[in-house]
**Q** 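Here it is: the structure, laid out below.
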Amino acid sequence: MPGKSAVIFVPDDTAKTGYPQPLMLQSVMGAPLLAWLANSLFDSGVGRFFLACHPERMQAVCACMPEGAEVTAASESNPADLLHVFLSTAEDSE
């Protein structure tokens, strides 16, 4: 399901908040806030996600993405190149 695209940055804000994980991964009513956001976007027609976060959090962040979504996760070595490819392959209507 291609559709619209979204770029999501999950900053490591643990030093500021004192929580063991970023706020976007904190549970709200039994699910991480990021899962609520991603599912809401997916239900609104977003089918492609580009994720940028600390490599240690990548598995938890990817687990929040809806089933059936196209997910591109930035690696530490080439995030700018991956973002360029992601944006250049978006549909013309976006």
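Since we're looking at a predicted model, the values are computed, not measured. Counting from 1, the numbers follow the sequence of the chain as shown.
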**Q** If hydrophobic clusters are built by linking Ile, Leu, Val, Met, Phe, Trp and Tyr wherever their side-chain heavy atoms come under 4.5 Å apart, do Tyr19 and Met29 end up in the same one?
**A** no

**Q** Suppose we screen for side chain to side chain donor-acceptor pair (under 3.5 Å). Which residues come up paired with Ser27, at least two apart in sequence or across chains?
**A**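 Ser27 satisfies side chain to side chain donor-acceptor pair (under 3.5 Å) with no other residue.
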
**Q** With sequence neighbours left out, which residue pairs that include part of residues 50-70 fulfil the ring-ring contact (aromatic ring centres under 6.0 Å, His included) condition?
**A** Phe50-Phe86

**Q** Return the set of residues passing side chain to side chain contact (heavy atoms under 4.5 Å, CB included) with Pro66 (not counting sequence neighbours), or none when no residue passes.
**A** Ala38, Asn39, Phe42, Phe49, Ala69

**Q** Could you state the interatomic distance from OG1 (Thr89) to CD (Glu70), rounded to the nearest 0.5 Å?
**A** 7.0 Å

**Q** Taking atom OG1 of Thr72 and atom CE of Met65, what is their separation to the nearest 0.5 Å?
**A** 11.5 Å

**Q** Using side chain to side chain donor-acceptor pair (under 3.5 Å) as the criterion, list what pairs up with Asn78, not counting sequence neighbours.
**A**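 In terms of side chain to side chain donor-acceptor pair (under 3.5 Å), with neighbours along the sequence ignored, Asn78 is linked to Ser75.
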
**Q** Who passes side chain to side chain donor-acceptor pair (under 3.5 Å) against Asp12, sequence neighbours left out?
**A** Thr14

**Q** Which heavy atom in Leu82 sits nearest to a heavy atom in Ala74, and how many Å separate them?
**A**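 The pair with the smallest heavy-atom distance is CD1-CA, 3.8 Å.
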
**Q** The test is side-chain contact (heavy atoms from CB on, under 4.5 Å); show your working for Gln26 and Thr17 and say whether it passes.
**A** CA-CA 11 Å; Gln26 294 293 324; Thr17 63; over 6 Å; no

**Q** On a heavy-atom basis, which atom in Asp13 and which in Leu23 lie closest, and how many Å separate them?
**A** OD1-N, 3.2 Å

**Q** Considering only heavy atoms from C-beta outward, does the side chain of Leu37 approach that of Met24 to under 4.5 Å?
**A** yes

**Q** Looking only at non-hydrogen atoms, find the nearest pair between Lys4 and Ser44 and report the distance.
**A** NZ-O, 4.2 Å

**Q** List, one per line, each side-chain donor-acceptor pair under 3.5 Å for residues 56-64, sequence neighbours excluded.
**A**
{"from": "Arg57", "atom 1": "NH2", "to": "Pro20", "atom 2": "O", "distance (Å)": "3.2"}

**Q** Could you report the tightest heavy-atom contact between Leu25 and Pro32, atom names first, then the distance?
**A** O-CB, 3.9 Å

